[in-house]
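For reference, the structure discussed in these notes is given below.
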Amino acid sequence: MYADTIAAIATGMTNSGIGIVRVSGSDAVAITDKVFRTKEKRSLCEMETHTIHYGHIFDGEEKIDEVVVLLMRAPRSYTREDTVEIDCHGGVYVVKRVLDTLIKYGARPAEPGEYTKRAFLNGRIDLSQAESVIDLISSQNEYARKSSLLQLSGQLSNEIRNMRAEILHEIAFIESALDDPEHISLDGYGDKLAKIVDNNIDHVERLWKSSENGRMFKEGISTVIVGKPNVGKSSILNTLLGQERAIVTDIAGTTRDVLEEQINLNGILLNIVDTAGIRETSDVVEKIGVDRAKDSLRNADLVIYVVDGSLPLDQNDYEIMELIEEQQVIILLNKSDLKAVTTKKELKKHLDKKTISVSALDKTGISDLEQAIGEMFFAGDVAYNDELFITNSRHKYALQETLAALRLVRKSIEDGMEEDFYSIDLMHAYEELGKIIGEEIGEDLVNEIFSKFCMGK
């Protein structure tokens, strides 16, 4: 428990109906008592926990604001410390004046994320739950929100703790047997341990593999729209956005640079890039745009390849197909409102990818695109099904190290190595899993993690 008491504004720094100032620490109640007065002149120190009180904030004899105060005593609070939340009027100046008054009478300004850091250090939540708080705050779609909430509820923590307990049991057994071979036999132990290790490898591998979907839930699917000039790429982007974001003309090569936008497509977040039309050109500026379009393809999760169905395929199309043949691709056969010259059957001869007929003009086929993306990235189940996904790169790396350590144990068993080799790699796996929940982690990393939080959380 910390000895000092912190205070911070817990709501956004903008004029609003209500502003909240949060105070936490051993003197939270006493400091608030110095500035809060009720009509009945009762002290907060005399009042029961989890009660609400109406009154005013004073700086000496100067009335600052009319407020409602929420009193929560330790350990039944977010930080497991005495906590007071002051609901005042939401003007930026007013809220800041209430905070300054609390600091004047003994509180200190909270650091970014310090409330959640105290909740972690006081044992209310572990590190994976603490990190899910910032993920929940910054979530931009329903999948990211639900995934963060699932981790905040402790589902990942419970899975990690169960695996660590099982691994630790085996380490203890090996060490005991090595210390007391007369009473504890290791005969046939390798076969028994192999089953336990295989089970944990499967479990860790499942979590590790989920990180790719987890990343897309959290950050969105990196999507690039490509095609030769004047096939309707910018019109497709405008249709997806629901606004005229990209310039659309009949002149080929209008788009000469990459244009980045974020789209929430039926709950699926797309970080979408509209690129210059890919073709051979002698125009210096257009050539730069074409090169940037090709560069954007390298790190794309999804390529939306737009083809003008009213025109025949040409050499530019064949070059694009060659560039994207190894990637996740959805082909949009655009201008389906016009007479078809290029068909799905012909496209399939050159590039065997999912093809959807669309018309940017009358906006048909967009719902089919949504469904195709869901099927491609989320196994057809676009509705989130409460499966646990790894969304944190730090967790992913720890799982990767755990997997490597467990596989070394498995190899040692297969090679008939001595049992003390097992315990070395088992301990490594145990420690790597502990990093996820904060039980095997240094102070510097803890400080770095919480420094990314917003003030007042």
Side-chain angles (χ1 to χ4, degrees), residues 141-143 216 220-250 252 254-255 259-278 293 296-297 300-314 316-317 320-321 323-325 327-383:
N141 60 72
E142 189 66 3
Y143 305 119
M216 289 185 287
I221 299 170
S222 176
T223 307
V224 177
I225 302 177
V226 296
K228 63 188 181 186
N230 217 31
V231 294
K233 298 185 303 299
S234 296
S235 296
I236 293 291
L237 176 64
N238 289 340
T239 299
L240 292 172
L241 284 170
Q243 59 176 308
E244 297 298 314
R245 177 67 177 86
I247 298 172
V248 177
T249 73
D250 293 332
T254 302
T255 303
L259 181 65
E260 299 184 23
E261 286 291 335
Q262 196 169 72
I263 300 169
N264 194 317
L265 196 66
N266 195 28
I268 301 170
L269 197 66
L270 302 182
N271 298 316
I272 199 160
V273 176
D274 181 25
T275 61
I278 296 177
S296 298
L297 287 172
D301 298 317
L302 170 65
V303 176
I304 296 178
Y305 171 38
V306 183
V307 177
D308 185 344
S310 68
L311 296 174
L313 299 175
D314 60 23
N316 292 317
D317 287 299
I320 294 168
M321 291 180 197
L323 284 172
I324 64 178
E325 62 182 351
Q327 292 182 270
Q328 296 272 43
V329 179
I330 295 176
I331 304 172
L332 297 187
L333 193 55
N334 193 26
K335 305 187 183 180
S336 60
D337 52 301
L338 302 176
K339 183 180 178 181
V341 175
T342 297
T343 64
K344 290 183 180 181
K345 186 176 180 180
E346 183 180 357
L347 275 169
K348 192 170 184 178
K349 293 177 185 176
H350 304 282
L351 188 64
D352 190 10
K353 303 287 185 179
K354 176 74 174 179
T355 304
I356 301 168
S357 294
V358 299
S359 171
L361 182 65
D362 57 24
K363 298 178 175 55
T364 58
I366 300 303
S367 61
D368 294 333
L369 174 62
E370 294 174 6
Q371 184 178 343
I373 294 172
E375 290 172 352
M376 182 174 287
F377 289 95
F378 306 120
D381 187 8
V382 182

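- When the side-chain hydrogen bond (donor to acceptor under 3.5 Å, both in side chains) test is applied to Asp308, the partners found at least two apart in sequence or on another chain are Ser310, Lys335.
- The side-chain contact (heavy atoms from CB on, under 4.5 Å) test applied to Lys348 returns Asp352, not counting sequence neighbours.
- A search for side-chain hydrogen bond (donor to acceptor under 3.5 Å, both in side chains) contacts involving Ser359 returns Asp337, Asp362, not counting sequence neighbours.
- Residues Val224 and Ile304 form no side-chain contact, since every pair of their non-hydrogen atoms from C-beta on lies 4.5 Å or further apart.
- In this structure, Ile236 CD1 and Leu369 CG are separated by 8.0 Å, a value rounded to the nearest 0.5 Å.
- To the nearest 0.5 Å, the span separating CG on Leu270 from CD1 on Ile263 amounts to 6.0 Å.
- In this structure, the side chains of Lys354 and Val329 stay at 4.5 Å or more apart for every pair of heavy atoms.
- With sequence neighbours excluded, the residues forming a side-chain contact (heavy atoms from CB on, under 4.5 Å) with Thr355 are Ile331, Leu333, Lys344, Leu347, listed by chain and number.
- Contact annotation: the side chain of Val226 approaches that of Ile320 to within less than 4.5 Å [non-hydrogen atoms, C-beta and beyond].
- Taking the side chain as every heavy atom from C-beta outward, Val231 and Asn334 never approach each other to under 4.5 Å.
- Residues Thr342 and Leu311 come closest through the heavy atom pair OG1-O, 2.5 Å.
- Among all heavy-atom pairs drawn from Val306 and Gly232, the shortest one is CG1-C, 4.3 Å.
- The two residues His350 and Leu313 have their closest heavy-atom pair at CD2-CD1, 3.9 Å.
- In this structure, Tyr305 and Leu332 have side chains that are not in contact, with every pair of non-hydrogen atoms separated by 4.5 Å or more.
- Under the side-chain contact (heavy atoms from CB on, under 4.5 Å) criterion, Ser367 pairs with no residue at all, not counting sequence neighbours.
- Heavy atoms only, all atoms of each residue included: Gln327 and Ala300 are closest at NE2-O, 3.7 Å.
- Looking at residues two or more places apart in sequence or on another chain, you find a side-chain contact (heavy atoms from CB on, under 4.5 Å) between Ser222 and Asp301.
- The heavy-atom pair separating Lys233 from Lys228 by the smallest distance is NZ-O, 3.2 Å.
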message = Does Ile225 form a side-chain contact (heavy atoms from CB on, under 4.5 Å) with Val273? I'd like the steps, not just the answer.
response = CA-CA 6 Å; Ile225 302 177; Val273 176; over 6 Å; no

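- Taking 4.5 Å as the limit, some side-chain heavy atom of Ile330 sits within range of a side-chain heavy atom of Ile356.
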